[in-house]
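Have a look at the structure below before the remarks.
When a ligand or atom number is given, it counts from 1 through the structure's own listing order.
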Amino acid sequence: MTLGPATPAPAPAESPAVPLKRHVYIETMGCQMNVYDSDRMFDALTRHGYVQTENVELADLVLLNTCSIRDKVEHKMMSMLGSLRKLKAHNPDLVLGITGCVAQQEGERLLKRVPGLDLVLGPDQIGRLPELVAAIRAEQHRTSAIEFVHRRNYVFPEALPPQDGRVAAMVTVMKGCNKVCSFCIVPFTRGREVSKPSADVVAEVEMLVRHGVREVMLLGQNVNSYGKDRAGELDFAGLLRAVDAIDGLHRIRFMTSHPMDCTDALIDAFGDLKKLCPFFHLPIQSGSESVLTGMRRAHGVTDYLEHIDRLRARVPGIALSTDIIVGFPGETEEDFTRTIELLERVRYASIYSFIYSPRPGTRAADLTDDVPDEIKKERLARVQALQDRITADTLASFQGQVTEVLFEGPARVNQAAPNTRLGGVRLEGPPQMSGRNPQNLKVNVPTTDAAAFAEWPGRLGRVEIERVKAHSLLGKLIGWV
Ligand code: 5AD
Ligand code: SF4
């Protein structure tokens, strides 16, 4: 199906394309980029009179926003589609769509494979979502729109002010990836790198700050190559400096980086910029040189460790995290031992670890997937057990320390019913306010002050840590920053 380029100007909010409020339910499966995209889909639909519902049975439009980085999401998506199709029997007006990377990868094939599916929409086509759904309703046809928009014509979907009082928000600064990691499907599903103009990034952050946001996470598949695709544009360190200068913003984080582009300018930014949090996610994938070569990561373990050492020399106490893949084709026990050694050497605050999953069309998919499933699972369990110990040590190092917390809202356990029976469990103690410290650790503060829940979100408190839990810290507020 041939459809024109994205992204037409959205219709103004006061002239909705549908006469009555319609309800949309979006299930987000996958990475932060997908969470951001789901928000932009909500924004586009809001302009056309839609409201969000948490109840899929009330929805006139159901979208599964998918990720194809590993095969798990595809399995989950297929089983969800099975039950969603049944909703159509009760609501013939229901439009069912798949968006995101699985949509991009499978395209029209999905329409053939999945009876009852109406829409397949790739990430570049988000701006056309309301128009396509309206056409599906009017013309009763099924549509796939997965064309990449050439980077010269690409327009990032515009973000509306958040309605939920969030304190921390994400801002996409670029899309796509020009790297060629042999295991990775992202360059196929998200296309080539396109940077959002720095003036637009700054304007988006300023808009968020006007609406109460105090922390931003700058997002991209490889933010360190920010600006390279635009003549005269700032580099990533320059962008960080521009965002750091925004009044009212307390904190900046970013994700994700490729070790190849970990420049001195970036390391200096960590040292210089007050708002840039001392937390760096720098994926290595494996501690074995030969596995890294097979992965076509274009860097080795030695140069990676040099970056880490320079970073730690410049920013003592910086918290690090990484991604690890186990069971890449050809990974021997010795290769795997190198990964274990690397984790012991770097002592990350946290890691994301995955079993290798061959992805269609990638170079690694041509290699024999020769590590038996049992061994892959066992290696994953060993990596995770080691990391659990290191993470516990990291958390324990905060015992008795004072740490700075940006409060976001009530801790999860309090949200439904503070101090009441919740699913048969009696919650102990007073309700808790929750936030994160600069190193991205969750910190909860019990409080009996009823006003805290309205007044603390968005403020930076000084918290003395009294208890270390498995995944978070507990403490008392001793003052404001
Ligand atoms: N199999 C397993 N993990 C993968 N990742 C990317 N592709 C694959 C794959 N085919 C992991 C990498 C990457 C993270 C986002 O997902 O660790 O850094
Ligand atoms: Fe995938 Fe590599 Fe690009 Fe990361 S840098 S998105 S792993 S191709």
Side-chain angles (χ1 to χ4, degrees), residues 29-37 66-75 100-102 104-105 123 172-195 217 219-226 228-229 236 254-262 280-288 291-300 304 307 320-331 336 339 342-343 346 348 350-371 373 375-377 379-380 383-384 387:
M29 307 155 120
C31 66
Q32 273 138 328
M33 199 68 92
N34 266 18
V35 177
Y36 185 84
D37 286 352
T66 59
C67 168
S68 58
I69 214 151
R70 287 166 292 276
D71 58 1
K72 258 191 183 159
V73 163
E74 276 176 73
H75 295 150
C101 290
V102 176
Q104 186 65 44
Q105 180 193 313
T172 286
V173 301
M174 61 187 300
K175 68 157 209 111
C177 183
N178 290 1
K179 299 281 187 252
V180 287
C181 304
S182 64
F183 53 82
C184 186
I185 202 161
V186 166
F188 302 93
T189 57
R190 297 267 172 178
R192 309 282 296 167
E193 289 169 1
V194 185
S195 301
M217 164 81 86
L219 277 186
Q221 305 296 343
N222 178 22
V223 290
N224 299 141
S225 44
Y226 177 83
K228 288 185 183 164
D229 57 301
F236 187 58
F254 63 85
M255 228 176 182
T256 292
S257 306
H258 189 288
M260 271 277 288
D261 304 310
C262 180
F280 193 15
H281 181 68
L282 194 59
I284 174 113
Q285 315 296 354
S286 169
S288 153
V291 171
L292 288 183
T293 305
M295 288 178 164
R296 296 180 152 238
R297 287 286 286 177
H299 66 85
Y304 179 91
H307 291 317
L320 299 169
S321 76
T322 200
D323 292 341
I324 296 289
I325 296 178
V326 298
F328 186 76
E331 185 189 67
F336 176 69
T339 298
L342 178 103
L343 296 179
V346 179
Y348 296 98
S350 58
I351 65 166
Y352 300 90
S353 49
F354 313 102
I355 285 179
Y356 169 70
S357 160
R359 306 313 295 135
T362 59
R363 276 181 179 260
D366 295 337
L367 305 172
T368 312
D369 185 14
D370 56 357
V371 181
D373 273 356
I375 306 259
K376 284 180 178 168
K377 285 185 192 146
R379 287 181 186 166
L380 185 71
V383 158
Q384 292 180 341
Q387 186 56 43

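Taking 4.5 Å as the limit, every side-chain heavy atom of Y356 sits out of range of all side-chain heavy atoms of V371. The closest side-chain heavy-atom distance from V173 to S195 is not below 4.5 Å. At least one side-chain heavy atom of Q104 sits less than 4.5 Å from a side-chain heavy atom of P123. The shortest distance between side-chain heavy atoms of M33 and R190 falls below 4.5 Å. Residues R297 and H258 form a side-chain contact, since some pair of their non-hydrogen atoms from C-beta on lies under 4.5 Å apart.
A donor-acceptor pair under 3.5 Å is formed between the side chain of T66 and the backbone N or O of V102. Panel note: side chain D370, backbone G330; a donor-acceptor pair is recorded below 3.5 Å. With hydrogens and angles ignored, the 3.5 Å screen pairs no side-chain donor or acceptor of S353 with any backbone N or O of Q384.
The residue from D261, N178, N222 that alone fulfils the side-chain contact (heavy atoms from CB on, under 4.5 Å) condition with K228 is D261.
Y348 and Y304 have tilted rings, their planes meeting at an angle from 30° to 60° on a 0 to 90° scale.
Residue-ligand proximity, F183 to ligand 2, at heavy-atom distances under 4.0 Å covers atoms 7 (S).
Around atom 2 (Fe) of ligand 2, the protein contributes the following N, O or S atoms under 2.8 Å, ordered by chain and number: C181 SG.
Closer than 4.0 angstrom to ligand 1 by heavy atom are I69, R70, F183, Q285, D323, I325, F354, I355, Y356, S357, R359, sorted by chain and number.
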